[in-house]
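For reference, the structure is listed below as structure tokens.
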Amino acid sequence: MKNQIMKITSAEVFIGGPGKNYVTLKIMTDQGIYGIGDATLNNRETLPAQYLQDYLIPCLIGMDPRNSEDIWQYFYRGAYFRRGPIAMAAIGAIDMALWDIKGKIAGLPVYQLFGGKSREAALVYAHATGNDLDDLLESIANYQSQGYKAVRIQCGIPNMPKGGYGVSREGEDSKHFITDFTGAVPKEEVWDTEKYLQYMPTVFEKIRERFGPDLKVLHDVHHRLTPREAAAFAKSVEKYNLFWLEDPTPAEDQNALKLIRQHSTAPIAIGEVFNSLWDCKQLIEEELIDFIRISVTYGGGITHVKRIVELAAIHHVRTGFHGAPSHSPISMAAQGHLNIWAPNFGIQEYLVLGTPECDALFPSKHYYKDGMFHISDEPGLGVDFDEKEAERYTYKRGYHPVTRLEDGTMWNY
Ligand code: KDG
Ligand code: MG
């Protein structure tokens, strides 16, 4: 394009972080302003980094960073082989960095560029987890004492020896990152649908008995059920008034949600493995879900996810962006800006990243208080990246576990 008065001069990718391989993109301009973005594709981190380095960054140099829409279209439409989590995480990081730059040029926090605040702060949920019920109840009480009004609950299932999803095994502290760095190949977990279906409703019952009706209770099935099982399960837990039931069935079969809807009014959340509007469209337009979980990282950045949020708004679908700690504080900030603005905001998944090491790598004035996430009024995304700190970390390969049924059959993780 002609008449450019601002140019991208360079861009660099960094991989690493405290306990996690964050993939951070930094875009420099000829005006001294820079922007940062997150391309962390959990446990496949080198791939978006390579995609950026080999294919996208060479094209970025010389472009006007203010044209974030055209740059998004250039990388999306311009690629013959579109979509997929690797490409979308790479485009997403560029897009976040360009919004960061745009906000810094304007001297405004990014949410002001969307239309300002719809709320003062965003409701978040924490992950309460227990190897058994007592453990879980203690974990919930602990989050409540920190002010959380919403918790996602995952519980070990009796006689399921290697734990369900989101439950760490005895002596392991893997529940937060879901990444195992110790083996040459993934660890294996065992899953038993029957045991899960029998036990899980009793857990909800005990939670309601102990904590009453007001606690917002979420639960993640993590793609483990068939459509019929999921429909029966959703129906059986209706009386516990869950805030949501997440990923009841494998996310690629969108028709599965129809059966669930026909049998239950339990609110359904889905989409953390989606990477474009095209994955969300049917579920939103047919009003088969209540919350959309796509993240700004895997979903191609702010530009594309904002489009999804706007489509969702006219179909009564609220946001519930994925916020597992695999996302760095950069994408959490990008989602924070969308959350403050979105008329159809629902809730934000939030795991405390705020270790001193993480704060030193990604300094920011955004903060958690009393169950809510507050966005600062710093220009841009309001989070920085300390390159000196980044020198402390290098890439280390890690895996999600894999899941098998008791007879050895592979199952959905
Ligand atoms: O990388 C996968 C994790 O982010 C995912 O398993 C976490 O399901 C998850 C959640 O809801 O946070
Ligand atoms: Mg999930």
Side-chain angles (χ1 to χ4, degrees), residues 17 19-23 38-48 84-86 88-89 92 124-129 139 143 148 150-155 163-169 172 174-181 186-187 189 191 196 200 216-225 230 242-252 257 266-275 279-280 283 289-299 319-329 331-332 335 346-353 373 397-403 411-413:
K20 191 69 233 157
N21 297 308
Y22 295 123
V23 181
D38 176 26
T40 310
L41 180 58
N42 202 18
N43 300 333
R44 292 290 187 273
E45 295 89 352
T46 53
L47 303 177
I86 299 166
M88 294 304 270
V124 298
Y125 70 88
H127 284 191
T129 168
S139 171
Y143 281 115
Y148 285 91
V151 284
R152 188 196 83 166
I153 61 102
Q154 307 298 134
C155 188
Y165 159 75
V167 183
S168 59
R169 284 180 240 167
E172 280 182 353
S174 61
K175 60 191 166 207
H176 284 320
F177 286 135
I178 320 175
T179 299
D180 173 47
F181 292 107
K187 285 195 172 166
E189 290 183 353
W191 175 257
Y196 169 83
M200 210 54 217
K216 293 178 173 49
V217 178
L218 297 77
H219 175 63
D220 191 348
V221 185
H222 224 252
H223 322 273
R224 301 283 160 93
L225 301 178
L242 298 186
F243 187 87
W244 81 32
L245 199 58
E246 178 179 337
D247 288 334
T249 49
E252 57 274 52
L257 278 300
I268 303 296
I270 200 162
E272 67 181 46
V273 298
F274 290 174
N275 51 71
D279 298 325
C280 310
L283 297 180
I289 56 172
D290 301 277
F291 295 91
I292 186 72
R293 298 258 304 134
I294 195 162
S295 68
V296 290
T297 305
Y298 311 150
T319 62
F321 298 134
H322 188 225
S326 39
H327 299 294
S328 88
S331 68
M332 291 305 287
Q335 296 188 162
I347 198 166
Q348 173 63 56
E349 182 177 25
Y350 175 73
L351 280 96
V352 183
L353 296 167
F373 193 70
R397 187 178 58 198
Y399 287 109
H400 292 100
V402 296
T403 308
W411 204 242
N412 313 306
Y413 173 63

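Atoms within a ligand are numbered from 1 in the order they appear, just like the ligands themselves. Values below: every heavy atom of this structure, side chains too, minus hydrogens, waters and symmetry copies.
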Below 4.0 angstrom from a heavy atom of [X], which ligand 1 atoms are there? Numbered from 1 as shown, please.
{"X": "His400", "answer": "1 (O), 2 (C)"}
{"X": "Arg152", "answer": "9 (C), 10 (C), 11 (O), 12 (O)"}
{"X": "Asp220", "answer": "8 (O), 9 (C), 10 (C), 11 (O)"}
{"X": "Asn42", "answer": "1 (O), 2 (C)"}
{"X": "Ser326", "answer": "4 (O)"}
{"X": "His127", "answer": "12 (O)"}
{"X": "His222", "answer": "5 (C), 6 (O), 8 (O), 9 (C)"}

Exercise. Between Gln335 (side chain) and Gly320 (backbone), is there a donor-acceptor pair under 3.5 Å?
Worked result: no

Is the backbone of Tyr125 close enough, under 3.5 Å, to the side chain of Glu349 for a donor and an acceptor to pair up by distance?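 Looks like no, no N/O pair under 3.5 Å.
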
Do the numbers put Arg224 on top of the ring of Trp191, so that NZ or CZ is under 6.0 Å from the six-membered ring centre and no more than 45° off the axis?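 Yes, cation above the ring, under 6.0 Å and within 45°.
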
Give the ring-plane orientation class for Tyr350 versus Phe373, where under 30° counts as parallel, over 60° as perpendicular and anything between as tilted.
tilted

N/O/S atom name from [X] that is nearest to the position of the Mg ion (ligand 2):
{"X": "Glu272", "value": "OE1"}
{"X": "Glu246", "value": "OE2"}
{"X": "Asp220", "value": "OD2"}

Please tell me whether Lys20 and Thr179 have a donor and an acceptor in their side chains that are separated by less than 3.5 angstrom.
yes

Between the OG atom in Ser326 and the OH atom in Tyr22, the distance rounded to the nearest 0.5 Å is 8.0 Å

- Which one of Arg293, Glu272, His322 has a non-hydrogen atom at the shortest distance from atom 4 (O) of ligand 1?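 Nearest heavy atom to atom 4 (O) of ligand 1 lies in His322.
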
### Message
For His327 together with Tyr298, are the ring centres under 6.0 Å from each other?
### Response
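Yes; His327 has its ring centre under 6.0 Å from that of Tyr298.
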
*Given Asn43 and His400, is the side-chain hydrogen bond (donor to acceptor under 3.5 Å, both in side chains) satisfied, shown in steps?*
CA-CA 7 Å; Asn43 300 333; His400 292 100; 3.3 Å; yes

